[in-house]
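Since we're looking at a predicted model, the values are computed, not measured. Chain letters run A, B, ... following the sequence lines, proteins first and then strands; every chain starts at 1. When reading the values below, keep in mind they use all heavy atoms of this one structure, side chains included, and skip hydrogens, waters and symmetry mates.
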There are 2 protein chains.
Amino acid sequence: MTARKERRSDCPISYVLDIFGDKWTFLVIRDLLLKGKKTYGEFATSDEKIATNILASRLVLLEDEGIISKEKDPAKGSRILYRLTQKGVDLLPVLIEMMKWSAVYDPDTNVPKEMVEHAKAHRDAFLNQILEDLKKDKYLLA
Amino acid sequence: MTARKERRSDCPISYVLDIFGDKWTFLVIRDLLLKGKKTYGEFATSDEKIATNILASRLVLLEDEGIISKEKDPAKGSRILYRLTQKGVDLLPVLIEMMKWSAVYDPDTNVPKEMVEHAKAHRDAFLNQILEDLKKDKYLLA
DNA sequence: CTGTATCCTTAGGGATACTG
DNA sequence: CAGTATCCCTAAGGATACAG
């Protein structure tokens with residue numbers, strides 16, 4: 001069933017959380033975006049062992065939100081392939097920033113070393129640029 | 001009580017979700033980072049109306065994770081001020097990317113118009129840059 | 001005002017079996 | 001393999017009262 005969409009507020013952060021505010025939905029995006037996974041079975045066998053009912057409900061949710069789409073595998077009719085829409089692909093920067101943050105602060109995370117270096121080196125410059133924009137009220141919320 | 005930390009995997013995205021995988025925690029960060037809120041009462045009166053028990057538990061969680069810290073208001077001893085640590089401030093890029101995404105895809109979001117323009121104009125360039133890095137396996141997960 | 005505590009309800013989610 | 005369905009349980013979370 002389609003989850004009834006009830007916004008808690010008109011805040012853009014809240015909009016993201018209304019869709020992704022749980023421990024699983026972003027992992028499906030990760031699998032599609034960064035692990036090249038495309039099928040139900042591939043999602044189901046990720047390290048975090050998502051339950052099949054949760055997985056199915058998330059795929060429906062993501063399709064309802066226009067973030068993924070389904071198609072039959074042309075090579076094998078019984079197989080269904082999931083792919084990200086543009087709206088889904090555009091989540092990449094969010095994922096990347098999450099990974100950079102973890103790369104810096106999670107000692108146990110398995111992020112490539114060069115990415116850690118990249119993140120640390122660019123962190124200050126990136127933050128300063130954003131803070132500049134903040135000063136111009138570019139991102140300030142009401 | 002301190003939530004028992006049980007990682008589901010060593011994935012950096014999963015690390016973020018283990019902390020922020022709910023509908024409320026990021027809103028507290030938003031209030032600190034983008035709304036200039038500092039006190040319990042200010043958090044409690046946000047648009048989304050977080051329950052006080054949830055709020056308190058999230059503040060404990062965030063302090064345990066080293067993302068916020070507490071101090072007494074020097075001007076008023078009974079008042080407690082929360083502030084972000086460096087680890088917390090470094091979440092800003094994540095929040096910003098979330099806002100940019102909402103600015104593009106949520107028709108009802110109340111993001112400043114200039115930010116929408118900014119996001120749309122820079123989206124392709126930004127994605128292309130990340131995709132370049134992806135090709136170099138800079139962000140690829142195992 | 002800053003929290004705790006308690007009660008209660010619902011939603012999230014694990015395990016597993018089952019269907020096309 | 002791609003899902004549904006069911007059972008059951010726990011955690012999340014709303015309401016509210018209360019304490020320092």
**Student:** Nearest heavy atom decides the nucleotide; on that basis, is A:Tyr40 or A:Gly21 closer to the 5' end of DNA chain D?
**Tutor:** A:Tyr40
**Student:** Can you build the contact string for nucleotides 15-20 of chain C? Use B for base contact, S for sugar-phosphate-only contact, and - for no protein heavy atom under 4.0 Å.
**Tutor:** BB----
**Student:** Report the end-to-end axis angle of the helix from C:dC1-D:dG20 to C:dG20-D:dC1; each axis comes from five terminal pairs, and the value is rounded to 10°.
**Tutor:** 40°
**Student:** Kindly write out the residues that satisfy salt bridge (Lys or Arg N to Asp or Glu O under 4.0 Å) with B:Asp31, not counting sequence neighbours, or none if the list is empty.
**Tutor:** none
**Student:** For the residue pair B:Ile19 and B:Thr25, what are the closest heavy atoms and their distance?
**Tutor:** O-OG1, 4.0 Å
**Student:** When rounded to the nearest 0.5 angstrom, what distance separates CG in A:Leu27 from CG in A:Leu34?
**Tutor:** 11.0 Å
**Student:** Would you say B:Leu81 and B:Leu55 are hydrophobically clustered, going by side-chain heavy atoms of ILVMFWY under 4.5 Å?
**Tutor:** no
**Student:** Among all residues two or more places apart in sequence or in another chain, which pass the salt bridge (Lys or Arg N to Asp or Glu O under 4.0 Å) test with A:Glu71?
**Tutor:** A:Arg83
**Student:** A:Ile80: which residues meet the side chain to side chain contact (heavy atoms under 4.5 Å, CB included) condition with it, sequence neighbours left out?
**Tutor:** A:Lys70, A:Tyr82
**Student:** Between A:Trp24 and C:dG12, does any side-chain N or O lie under 4.0 Å from OP1 or OP2?
**Tutor:** no
**Student:** Indicate yes or no for a side-chain donor-acceptor contact from A:Tyr40 to the backbone of A:Thr52 under 3.5 Å, with no hydrogens or angles considered.
**Tutor:** yes
**Student:** Let me know the distance between NZ of B:Lys70 and P of C:dC1, rounded to the nearest Å.
**Tutor:** 17 Å
**Student:** Over all heavy atoms of both residues, which pair between B:Asp18 and B:Arg7 is shortest? Give the atoms and the distance, please.
**Tutor:** OD2-CA, 3.5 Å
**Student:** Using the side chain to side chain donor-acceptor pair (under 3.5 Å) criterion, which residues pair with A:Lys37? Sequence neighbours excluded.
**Tutor:** A:Ser46
**Student:** Rounded to whole angstroms, how far apart are CD1 on B:Ile50 and C1' on C:dG3?
**Tutor:** 13 Å
**Student:** Just how far, in rounded Å, is P of C:dG3 from CG of B:Leu62?
**Tutor:** 13 Å
**Student:** Which pairs with one or both residues in residues 39-51 of chain A pass salt bridge (Lys or Arg N to Asp or Glu O under 4.0 Å), sequence neighbours excluded?
**Tutor:** A:Arg30-A:Glu48
**Student:** Think A:Arg58 has a side-chain N or O under 4.0 angstrom from the OP1 or OP2 of C:dG13?
**Tutor:** yes
**Student:** May I have the distance from A:Leu61 (atom CG) to C:dG13 (atom C1'), rounded to whole angstrom?
**Tutor:** 15 Å
**Student:** Rounded to whole Å, how long is the line connecting atom NZ of B:Lys23 with atom P of C:dG12?
**Tutor:** 7 Å
**Student:** In this structure, how many angstroms lie between the C1' atom of C:dA11 and the CD1 atom of B:Ile54, rounded?
**Tutor:** 12 Å
**Student:** Contact class for B:Ile80 vs. all strands (heavy atom < 4.0 Å): base, sugar-phosphate, or nothing?
**Tutor:** sugar-phosphate
**Student:** With a strict under 4.0 Å distance from non-hydrogen atoms of chain B, what nucleotide opens and what nucleotide closes the contacted stretch of DNA chain D, reading 5' to 3'?
**Tutor:** D:dG13 to D:dT16
**Student:** Between C1' on C:dC1 and NZ on B:Lys38, what's the gap in Å once rounded to a whole number?
**Tutor:** 17 Å
**Student:** Tell me every residue that passes side chain to side chain contact (heavy atoms under 4.5 Å, CB included) with A:Thr85, counting only those two or more places apart in sequence or in another chain.
**Tutor:** A:Ser69, A:Lys87
**Student:** Considering heavy-atom distances to DNA chain D, does A:Leu59 or B:Asp22 have its closest nucleotide positioned more toward the 5' end?
**Tutor:** A:Leu59
**Student:** Which residues satisfy the side chain to side chain contact (heavy atoms under 4.5 Å, CB included) test with A:Ile54, sequence neighbours excluded?
**Tutor:** A:Trp24, A:Ile50, A:Ala51, A:Arg58
**Student:** Mind calculating the distance between CG (A:Leu55) and P (C:dG12) to the nearest angstrom?
**Tutor:** 15 Å
**Student:** So A:Lys72, base contact, sugar-phosphate only, or nothing? Heavy-atom distance under 4.0 Å.
**Tutor:** nothing
